Amino acid sequence: MTGPAADPEELAAAVGERLALIRRSLLEAQAAAGSPDAVEALAHAQRVTDRMSEEIVRLVAPDAPTQLPDLRSGLTGRELEIAELIALDQLTNAQLAQHLDISEKTVKTHVGSILRKLQIAQRSEIAWTLGVTQK
């Protein structure tokens, strides 16, 4: 981006990158938070950044959809089940395999598919991406 006269798509992409960094920081803070009040405050902050993102898109690209896509719909039933277990219970691959009575290799395959479909790099981002509040 070169300045105020930048292309709206470039601006939206740059703002999206910055918001992704904020989301990642909030997720890390939520993981480190011990008290339920801190977790709820961070969850609220995440909702605020989502709303900010929608408003910014509305300002720079008024014809763009304002609702973020439902990322869950791209996952199979089994992938969604595994994603929710990772997000809610923070289970390891070995624990998931035992819990679901499948091989650890199968779990790794599912986790890889989940990360790819959600366009994220780390399993710690699954909860944030799906909007799941951890226990």
Side-chain angles (χ1 to χ4, degrees):
M1 198 165 69
T2 59
D7 177 21
E9 289 180 15
E10 290 178 19
L11 178 61
V15 169
E17 289 172 13
R18 297 282 170 87
L19 286 170
L21 290 172
I22 292 169
R23 287 184 186 117
R24 205 167 286 123
S25 296
L26 287 169
L27 182 61
E28 290 169 2
Q30 186 177 18
S35 75
D37 291 337
V39 171
E40 179 55 36
L42 289 166
H44 174 71
Q46 289 173 350
R47 289 189 296 273
V48 169
T49 61
D50 284 344
R51 182 69 178 151
M52 286 173 36
S53 179
E54 290 175 8
E55 292 297 324
I56 290 167
V57 167
R58 186 176 295 133
L59 289 171
V60 298
D63 296 332
T66 56
Q67 289 289 346
L68 298 174
D70 179 15
L71 297 172
R72 293 171 184 255
S73 64
L75 301 177
T76 66
R78 183 61 119 179
E79 289 167 347
L80 184 57
E81 179 182 16
I82 290 172
E84 289 176 345
L85 286 168
I86 292 170
L88 293 171
D89 299 328
Q90 300 175 338
L91 297 182
T92 65
N93 287 350
Q95 291 169 324
L96 286 164
Q98 183 178 12
H99 180 77
L100 299 170
D101 197 31
I102 58 177
S103 75
E104 195 168 343
K105 183 176 180 186
T106 301
V107 171
K108 288 179 184 178
T109 300
H110 284 305
V111 172
S113 293
I114 292 164
L115 297 177
R116 181 179 41 78
K117 288 178 179 181
L118 296 180
Q119 299 177 353
I120 56 178
Q122 300 174 8
R123 62 191 288 143
S124 61
E125 297 176 80
I126 292 172
W128 166 250
T129 304
L130 295 180
V132 175
T133 303
Q134 296 173 339
K135 289 182 181 177

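Treat the numbers as computed from the prediction; the structure is a model and nothing was measured. Side chains are part of it too, since the values below use all heavy atoms of this structure and drop only hydrogens, waters and symmetry mates.
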| said: Measuring only between side-chain heavy atoms, which start at C-beta, is Ile114 closer than 4.5 Å to Leu80? | reply: no
| Can you find a heavy atom in the side chain of Thr76 that is under 4.5 Å from one in the side chain of Lys117? | yes
| note | Here the gap from Ile126 atom CD1 to Leu88 atom CG, rounded to the nearest 0.5 Å, amounts to 11.0 Å
| remark: So CG of Leu75 and CD1 of Ile82: to nearest 0.5 Å the spacing works out to 10.0 Å
| Under the side-chain hydrogen bond (donor to acceptor under 3.5 Å, both in side chains) test, residues paired with Thr92 that sit two or more places apart | Gln95
| query | What residues form a side-chain hydrogen bond (donor to acceptor under 3.5 Å, both in side chains) with Arg78, not counting sequence neighbours? | reply | Glu81
| note | Heavy-atom nearest pair, Arg123 first then Leu91, reads NH2-O, 2.7 Å
Between side-chain atoms of residues 96-105 and protein atoms elsewhere (two or more places apart, or another chain), which donor-acceptor pairs fall under 3.5 Å?
from, atom 1, to, atom 2, distance (Å)
Ser103, OG, Thr106, N, 3.0
Ser103, OG, Thr106, OG1, 2.8

